[in-house]
Amino acid sequence: MSSSNTQAPLPFGYQFVAGAIAGVSEILVMYPLDVVKTRVQLQTGAGVGEESYNGMFDCFRKIIRNEGASRLYRGISAPILMEAPKRATKFAANDSWGAFYRNLFGVEKQNQSLAILTGATAGATESFVVVPFELVKIRLQDRASAGKYNGMLDVVRKIIAAEGPLALYNGLESTLWRHILWNSGYFGCIFQVRAQMPKPEPGNKTQQTRNDLIAGSIGGTAGTILNTPMDVVKSRIQNSPKIAGQTPKYNWAWPAVGTVMKEEGFGALYKGFMPKVLRLGPGGGILLVVFTGVMDFFRKMRGETA
């Protein structure tokens with residue numbers, strides 16, 4: 001999403017770098033919430049005992065007490081390596097697909113339905129980049145498999161040896177749904193909220209940052225409400241090793257949603273929602289502010305007005 005709908009998009013390379021910087025900034029601040037979210041989502045029973053959690057704060061407390069604070073950053077190398085291509089793809093694809101759809105439908109300016117369609121397509125594009133990284137991250141974050149792997153490359157090696165190279169794309173379908181839903185909510189809301197808010201005065205960075213922080217946070221929250229059920233089943237699908245001749249309990253996205261609802265109730269589809277929304281609400285704001293700021297910096301560098 002460019003800093004203004006009237007500015008011509010910068011070349012892909014600039015969007016890619018700006019998206020990468022925005023993504024890494026967000027993950028360094030927010031990653032511990034992602035570890036807690038995954039732990040809570042993978043838990044199938046009630047939170048009793050030292051290895052079970054009855055909520056976000058209980059999970060934080062037990063991880064720090066039993067495993068040490070550094071555990072909250074376990075698996076971060078996969079997301080950091082993923083973050084550059086993932087967030088860069090998110091924003092660059094959103095701008096590129098936006099231009100494609102405006103030409104396709106003969107529309108001069110972005111509108112609400114195009115913002116949602118563009119976001120959904122950008123989300124689908126992004127999914128193909130992120131699946132192997134997400135799989136590695138979840139295997140490293142799960143307490144049960146903590147002793148099995150001694151780092152990111154070890155996870156990749158062992159998954160390929162035991163389950164075959166295609167297993168790295170385990171959970172692609174649920175990831176597609178997760179990203180389509182999140183991006184359509186995120187970019188659709190950003191468009192709507194920006195349209196409702198007073199336009200920043202030209203050159204007033206404080207007003208622009210405030211608008212972007214509010215729009216990005218509301219977009220991140222809306223995306224999270226839409227996609228959490230898919231995120232829960234994606235975590236379960238990606239944490240289920242493929243065993244020859246056996247159909248995993250969690251296999252396809254929508255049937256897995258049905259399984260979770262039947263066995264654990266509707267509320268289980270929103271497991272990990274609190275740490276997820278606390279991360280992706282403000283995180284969506286951080287992403288948009290940093291992305292817009294870096295894009296404005298590039299425009300100045302190229303001699304374009306910001």
Side-chain angles (χ1 to χ4, degrees), residues 1-7 9-10 14-34 36-37 56 79-80 83-84 86-95 98 110-112 115-116 118-119 122-123 126 179 181-228 231 273-301 304-306:
M1 173 89 25
S2 304
S3 50
S4 157
N5 288 330
T6 56
Q7 288 172 310
L10 285 174
Y14 289 97
Q15 296 173 32
F16 193 90
V17 173
I21 293 169
V24 172
S25 306
E26 187 268 344
I27 204 155
L28 288 172
V29 177
M30 297 291 189
Y31 187 75
L33 285 164
D34 190 64
V36 168
K37 177 210 77 169
M56 181 178 79
I80 287 277
E83 214 51 37
K86 173 184 172 182
R87 302 303 188 187
T89 305
K90 178 193 295 294
F91 285 100
N94 194 65
D95 270 352
Q110 185 82 309
N111 58 40
Q112 180 67 56
I116 293 168
T118 301
E126 181 190 25
H179 286 264
L181 291 167
W182 198 86
N183 282 273
S184 54
Y186 182 63
F187 287 112
C189 271
I190 285 171
F191 179 85
Q192 189 57 249
V193 174
R194 275 179 164 168
Q196 303 302 322
M197 292 188 75
K199 285 237 177 300
E201 295 157 18
N204 190 323
K205 290 287 176 226
T206 310
Q207 289 179 355
Q208 184 184 310
T209 300
R210 179 205 62 203
N211 282 14
D212 283 349
L213 200 56
I214 292 168
S217 298
I218 292 171
T221 302
T224 304
I225 290 167
L226 283 173
N227 90 337
T228 296
D231 194 36
F273 177 74
M274 194 50 75
K276 185 172 158 68
V277 81
L278 284 175
R279 178 191 170 192
L280 293 173
I286 293 168
L287 271 177
L288 191 61
V289 167
V290 176
F291 179 78
T292 306
V294 175
M295 289 291 270
D296 285 345
F297 169 78
F298 284 151
R299 283 197 164 87
K300 277 192 178 140
M301 201 175 75
E304 298 178 22
T305 51

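Here CD1 of I116 is found 8.5 Å from CD of Q192. Values are rounded to the nearest 0.5 Å. Once rounded to the nearest 0.5 Å, the distance linking CD1 of I286 with CD of E26 reads 6.0 Å. Summarising the geometry, atom CG belonging to D231 is positioned 3.5 Å from atom NZ belonging to K37; distances are rounded to the nearest 0.5 Å. In this structure, CZ on F191 lies 10.0 Å from CD on Q196, to the nearest 0.5 angstrom. Rounding to the nearest 0.5 angstrom, the gap separating the CD atom in Q110 from the CG atom in D95 is 9.0 Å. A distance of 8.5 Å separates CD1 in I190 from CG in L287, rounded to the nearest 0.5 Å.
For the pair Y14 (side chain) and F298 (backbone), a donor-acceptor distance under 3.5 Å is absent. Judged by distance alone, the side chain of S184 and the main-chain N or O of L181 form a donor-acceptor pair under 3.5 Å. Panel note: side chain Q208, backbone P200; no donor-acceptor pair is recorded below 3.5 Å. Without hydrogens or angle criteria, Q112 side chain to G188 main chain gives a donor-acceptor distance under 3.5 Å.
Inter-residue side-chain proximity for W182 and E126 is flagged as unmet; no heavy-atom pair is nearer than 4.5 Å. N204 has its side chain out of reach of R210: every pair of non-hydrogen atoms, C-beta onward, lies at least 4.5 Å apart. Within the 4.5 Å cutoff, no side-chain heavy atoms of L288 are placed close to those of L213. Taking the side chain as every heavy atom from C-beta outward, T224 and Y186 never approach each other to under 4.5 Å. Residues H179 and T89 form no side-chain contact, since every pair of their non-hydrogen atoms from C-beta on lies 4.5 Å or further apart. The side-chain heavy atoms of R279 and I27, taken from C-beta on, include a pair separated by under 4.5 Å. Residues I80 and L28 form a side-chain contact, since some pair of their non-hydrogen atoms from C-beta on lies under 4.5 Å apart.
Between M30 and G283, the shortest heavy-atom distance links the atoms CE-N, 3.9 Å. Of all non-hydrogen atoms in A22 and F291, the two that sit nearest each other are CB-N, 3.7 Å. Contact record, T292 with D212: OG1-OD2, 3.1 Å, taken as the closest heavy-atom pair. Among all heavy-atom pairs drawn from K199 and Q207, the shortest one is O-OE1, 4.4 Å. Across every non-hydrogen atom of S25 and V290, the tightest pair is OG-CG1, 4.0 Å. Of all heavy-atom pairs spanning P282 and S217, the tightest one is CA-OG, 3.9 Å.
Classified by interplanar angle (parallel below 30°, tilted 30° to 60°, perpendicular above 60°), the ring pair F187/F91 is perpendicular.
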